Structure formats: C-alpha cells, structure tokens
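Computed from a predicted model, the values in this text were never measured in an experiment. These numbers come from the heavy atoms of this one structure, side chains and all, not from hydrogens, waters or symmetry mates. In what follows, every chain begins at residue 1, and chains take the letters A, B, ... in the order their sequences are listed.
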Amino acid sequence: DTGVSQDPRHKITKRGQNVTFRCDPISEHNRLYWYRQTLGQGPEFLTYFQNEAQLEKSRLLSDRFSAERPKGSFSTLEIQRTEQGDSAMYLCASSGVSTEAFFGQGTRLTVV
Amino acid sequence: GENVEQHPSTLSVQEGDSAVIKCTYSDSASNYFPWYKQELGKGPQLIIDIRSNVGEKKDQRIAVTLNKTAKHFSLHITETQPEDSAVYFCAAREEYGNKLVFGAGTILRVKS
C-alpha cells in the first residue's frame with residue numbers, strides 16, 4: 001500500500017501526559033501537512049513541511065505542540081502536557097508540488 | 001484569510017435521486033477546490049477537484065461546478081447509491097498555497 005500511513009490509529013491518554021504521533025507520507029511526496037479535526041467539523045490546518053523544513057504553522061499550534069520531519073521523510077507530532085481540549089482526530093496529508101493532497105486514516109486522541 | 005461555508009449540513013435523498021452540496025469561499029486568490037468524502041472512523045478521501053481555469057468537471061456520477069465570479073462551487077452526485085452515504089467536505093486553496101481551508105461538512109444519507 002503506497003498511501004499515507006499514520007500510527008497509532010487510536011490513543012487514550014491521561015491529562016498531563018505527553019503523546020507522539022507518526023505519519024509516513026506517500027514516498028514521492030515532498031509536502032506534508034498536519035490537520036486537526038473535531039467532531040462535526042472540517043479538518044483545520046496545523047502545520048506544513050516542504051521536505052524537512054517546517055514552513056508554516058497555524059495559530060492553533062500552541063507551544064505544547066511540536067512537529068518534526070527529519071530527513072524529509074516521516075513526520076512526528078508531539079503534544080506535551082495534554083489537555084482535554086486536545087481530544088480530536090489528528091490527520092496527516094501529503095502532496096507533491098501542485099498536486100492533490102492525500103490524507104491518512106488519522107490518529108484519534110482521547111484525553112481523559 | 002480564507003473562509004469556506006458549506007450547506008446544507010445534512011441532506012437525505014432517496015436512492016437513485018441526485019444530491020447537490022454547495023460551498024462559498026471568500027478569498028479571490030483561491031483557485032483550487034477539492035471535494036473529500038469521509039466515512040466513519042476514516043480519513044478524508046479525495047473524490048474530485050477543480051481548478052479555476054475550468055468551469056465544470058465530471059467523473060462518472062460525480063460532477064463539480066465552479067463560479068469564480070460569485071465565489072461558489074458545488075458538488076453534484078447523480079443516481080445516488082447507499083454507499084454514497086458519508087460526510088462530504090469542500091475545501092479551497094491558493095493554487096500553489098500551503099493549506100486547504102475546509103467547510104464544515106455535509107452529512108449525506110441515501111435511503112434505500
């Protein structure tokens with residue numbers, strides 16, 4: 001399967017814990033995006049990488065959030081000191097230059 | 001920044017009927033408009049897209065129309081089937097921009 005892969009699919013964590021999600025993009029895609037989706041809403045942009053460079057971050061991405069894409073391949077999204085408001089589906093997408101964005105299946109985070 | 005509004009929020013049709021979902025956008029610089037289908041527990045799946053140099057695009061039972069002057073675009077699904085039941089999202093992006101701005105989604109139910 002050459003689609004976008006995300007791991008884990010589900011994560012339940014206690015408030016205050018740190019969590020890390022992984023995204024493996026389509027191999028030939030140099031652009032990678034993270035979005036967050038809450039129930040009943042469309043995905044909201046969080047951040048964007050072109051190769052290994054993080055070129056844009058949304059205001060939604062507080063200081064507790066950090067994303068990396070070492071070597072321009074897979075990406076990780078870490079949330080420190082999780083809060084209940086962080087509960088959401090975290091979606092990763094990838095694209096080539098000027099091509100369509102393809103999404104992964106997402107990681108559903110529940111903070112209890 | 002860009003704002004995308006989508007309606008209706010829910011749509012019920014009888015199997016075999018047509019369904020139309022409409023979106024408006026605010027940023028005249030946007031010129032790429034994809035539509036995504038999202039099934040329960042899955043990531044958004046790209047089903048069709050249109051660029052601003054085209055007024056209409058069709059792919060089997062699915063078509064999208066774009067009116068750049070009025071800043072609105074629509075998804076048309078003909079001969080609906082139960083498997084078309086899902087949440088549909090429209091989105092807008094500048095052609096070489098970094099992020100998609102999504103509408104809030106339309107829950108489509110096809111009754112057999």
Side-chain angles (χ1 to χ4, degrees), chain A residues 1 3-10 21 23-26 29-51 53-61 67 88-110, chain B residues 1-10 21-25 27 30-54 57 59 62 64 73 75 86-108:
Chain A
D1 182 33
V4 178
S5 177
Q6 291 189 246
D7 184 70
R9 293 291 311 278
H10 304 274
F21 310 140
C23 171
D24 287 274
I26 293 171
H29 285 176
N30 63 342
R31 294 185 171 193
L32 186 146
Y33 314 81
W34 285 98
Y35 287 78
R36 181 171 68 188
Q37 185 178 27
T38 53
L39 202 61
Q41 298 297 318
E44 294 176 293
F45 171 81
L46 291 179
T47 190
Y48 153 70
F49 290 85
Q50 183 162 321
N51 300 313
Q54 187 174 19
L55 298 184
E56 187 173 352
K57 292 194 292 186
S58 164
R59 294 190 306 272
L60 294 175
L61 213 64
M89 174 81 89
Y90 290 85
L91 294 162
C92 176
S94 71
S95 73
V97 175
S98 76
T99 62
E100 304 87 346
F102 295 92
F103 283 82
Q105 300 283 48
T107 294
R108 179 163 295 284
L109 172 66
T110 303
Chain B
E2 176 66 278
N3 181 54
V4 177
E5 295 190 353
Q6 181 173 349
H7 59 95
S9 56
T10 60
I21 302 170
K22 298 182 179 182
C23 289
T24 60
Y25 62 99
D27 189 349
S30 292
N31 55 9
Y32 173 66
F33 308 94
W35 286 87
Y36 287 84
K37 175 184 181 181
Q38 188 173 29
E39 297 174 332
L40 198 62
K42 297 185 177 180
Q45 175 192 2
L46 179 68
I47 56 172
I48 195 167
D49 58 13
I50 191 167
R51 288 174 168 81
S52 62
N53 57 345
V54 175
K57 183 176 178 181
D59 182 4
I62 294 173
V64 57
F73 56 113
L75 177 71
V87 183
Y88 290 81
F89 292 98
C90 63
R93 191 190 74 193
E94 293 182 25
E95 177 62 17
Y96 297 102
N98 300 329
K99 64 184 181 186
L100 292 167
V101 177
F102 283 84
T106 296
I107 300 172
L108 174 64

Under 4.5 Å heavy-atom distance to chain A, tell me which part of Q38(B) shows up: side chain, backbone, both or neither.
side chain
Name the region of L100(B), side chain, backbone, both or neither, that has any atom closer than 4.5 Å to a heavy atom of chain A.
both
How close do Y33(A) and N98(B) get, counting heavy atoms only, and between which atoms?
CE2-O, 2.7 Å
Do you know which two heavy atoms are closest between Y32(B) and E100(A), and how far apart they sit?
OH-CG, 3.4 Å
Any donor and acceptor pair, going by atom type alone, linking the side chain of Q105(A) with main-chain N or O of K42(B) inside 3.5 Å?
no
side-chain contact (heavy atoms from CB on, under 4.5 Å) evaluation trace for K99(B) with Y35(A)
CA-CA 9 Å; K99(B) 64 184 181 186; Y35(A) 287 78; 4.2 Å; yes
Is chain B contacted by the side chain of [X], its backbone, both, or neither, given a heavy-atom distance below 4.5 Å?
X	answer
Q50(A)	neither
E56(A)	side chain
R108(A)	neither

Just checking K57(B): does its NZ atom have more than 12 heavy atoms from other residues, nucleotides or ligands closer to it than 6.0 angstrom?
yes
Most contacts with chain A, counted as non-hydrogen pairs under 4.5 angstrom, among A91(B), G41(B), P44(B), A104(B):
P44(B)
Could you check if a side-chain atom of R93(B) sits within less than 4.5 angstrom of a side-chain atom of F45(A), using non-hydrogen atoms only?
no
